[in-house]
There are 2 protein chains.
Amino acid sequence: MQDAPNRPYHHGDLRRAVIETALDMLREEKGWQFTLREVARRAGVSHAAPYKHFPDKAALLAEIAMIGFDRLRESLSAAKSEAPKTLRDEITPIARAYVAFGTENPALYRLMFSAGEDKVVGMHLNERALAVFDVALETLRRGQAVGSIRKRPIEGQAAAWWGLIHGMTMLAIDGLLVPEKVGSAPLDAALSTLVEGLGNPAT
Amino acid sequence: MQDAPNRPYHHGDLRRAVIETALDMLREEKGWQFTLREVARRAGVSHAAPYKHFPDKAALLAEIAMIGFDRLRESLSAAKSEAPKTLRDEITPIARAYVAFGTENPALYRLMFSAGEDKVVGMHLNERALAVFDVALETLRRGQAVGSIRKRPIEGQAAAWWGLIHGMTMLAIDGLLVPEKVGSAPLDAALSTLVEGLGNPAT
DNA sequence: GCCCTTAAGTAGTCGCTGTCAACAATGTAT
DNA sequence: ATACATTGTTGACAGCGACTACTTAAGGGC
């Protein structure tokens, strides 16, 4: 467009470039105003070019949110320990990975949970989001089978897990977990309560 | 401005009217784009009039967010039961009131936790937000004194409480608590786990 | 090797927004 | 009565999302 003189008329892989650029922008700062024109500028194309690949801004954001959920799920899967000794050892690394994902990608994480306002887009987005829930379900199910977890309706336990982790992540992103109020390791403390709530007292 | 012919030049109480109008707009629909000019239109003043009372849009939103936190705190205080028999009876009504506040005012609740991105505004906003945390602290402290709650660092228990409730509220707002996945009463189920994690097993 | 359809880029425009500056009307203190 | 501060109004500006019309390149059939 302006800087590269010999750039060809057609970008060639603009769709991917737009997504990549947008992800970069999200990573930069959480106070940032996400703008379609800025994405185009950084990608070196005209302001209307992205419309050839996405019907509107919301569609691009939804796509990015889906990628976010996929990455989060991967992070969680990667964080699973193979041979956990205790319930606490099983839950802690996953929870830490979850919260870390949120605090390291605050704008992306926030987007993931606010891009689904449109009904039909929200459907597809929620599918991906619920894949995260499945990670919790799976872990807890194994715990119940082994006997380290109380016999309770597993969806309820998974809801508690997701609610607590998601909530702590959000609070962390919003800077509400101030040490003077909430202690120096609020996540670990909260996990203690969660583990004691999930764990089988007979063990 | 246009509809009322005999309206005086000066509104008289525009600051309050702007806030009230904005709250109405937030209440209407969560997909709504909040616009300063639309607020002015509905309040029947010119598009620049609100600037005489708020330096910019963010300042108005921050003010509204503070009101939201105050109202939430009032809701929680009002929901406290006087003579709870069990820990569950003590926690449930407050938690229900919290989540109900969020699901009944989704746009407001979301705003409350996203208006604090500016550093200095965020400070004041976080003060109000932490007042909500204090409600949890107070309740749990009494529980520990009575003996219905495990002796653990109380900030950690309060963090678990807030994280779980805040998380469940957010998930509910986002429509992620679908019954097929998460059961028909996910909040109650999650509260079971929370109560079992907080509660003193000796009782 | 040419042509023609079509995908993928461009520029230009529209209505809308947030914000600011200049001006007008009102209330208030002296 | 008059000067000043407050609180309105109008008009402007740049930037945004979205649309249309135009241009450029790529590829396939003949």
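Computed from a predicted structure; not experimentally measured. Naming: A, B, ... by sequence-line order, numbering from 1 per chain.
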State, without any angle test, whether [X] and [Y] hold a side-chain donor-acceptor pair at a distance under 3.5 Å.
| X | Y | value |
| --- | --- | --- |
| A/Q33 | A/E38 | no |
| B/W162 | B/Y98 | yes |
| B/T35 | B/R41 | no |

Rounding to an integer number of Å, can you tell me how far [X] [atom1] sits from [N] [atom2]?
| X | N | atom1 | atom2 | answer |
| --- | --- | --- | --- | --- |
| B/L14 | D/dG8 | CG | C1' | 9 Å |
| A/Y51 | D/dA21 | OH | P | 17 Å |
| A/F54 | C/dA8 | CZ | C1' | 14 Å |
| A/H53 | D/dA18 | NE2 | P | 16 Å |
| A/D13 | C/dG9 | CG | P | 9 Å |
| B/E38 | C/dT17 | CD | C1' | 12 Å |

Any idea which of C/dT10, D/dG8, D/dG17 is nearest the A/L36 side chain?
D/dG17
Just to confirm, is there a sub-4.0 Å distance from OP1 or OP2 of C/dC16 to any side-chain nitrogen or oxygen of B/R41?
no
At under 4.0 Å, does any side-chain N or O of A/T35 touch on OP1 or OP2 of D/dC16?
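Checking A/T35 against D/dC16: at least one side-chain N or O falls below 4.0 Å of OP1 or OP2.
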Check: A/F133 ring centroid to A/H166 ring centroid under 6.0 Å
no
Among residues 56-65 of chain B, which residues get a heavy atom nearer than 4.0 Å to DNA chain C?
B/D56, B/K57
Side chain to side chain contact (heavy atoms under 4.5 Å, CB included) involving A/R71 - partner list, sequence neighbours excluded
A/L23, A/R27, A/I67, A/F101
Should the side chain of A/H47 and the base of C/dG9 be counted as holding a donor-acceptor pair, with the cut-off at 3.5 Å?
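When only heavy-atom distances are counted, A/H47 does not reach the base of C/dG9 through any donor-acceptor pair under 3.5 Å.
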For B/F69, give me all partners under ring pair (Phe, Tyr, Trp, His ring centres under 6.0 Å), at least two apart in sequence or on another chain.
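If we apply the ring pair (Phe, Tyr, Trp, His ring centres under 6.0 Å) test to B/F69, skipping adjacent residues, the hits are B/F113.
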So does A/L36 get a backbone contact from the side chain of A/K57, meaning a donor-acceptor N/O pair under 3.5 Å?
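Not confirmed, A/K57 side chain does not pair with A/L36 backbone.
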Heavy-atom nearest nucleotide on DNA chain C for A/K52 versus A/R37: which residue maps closer to 5'?
A/K52
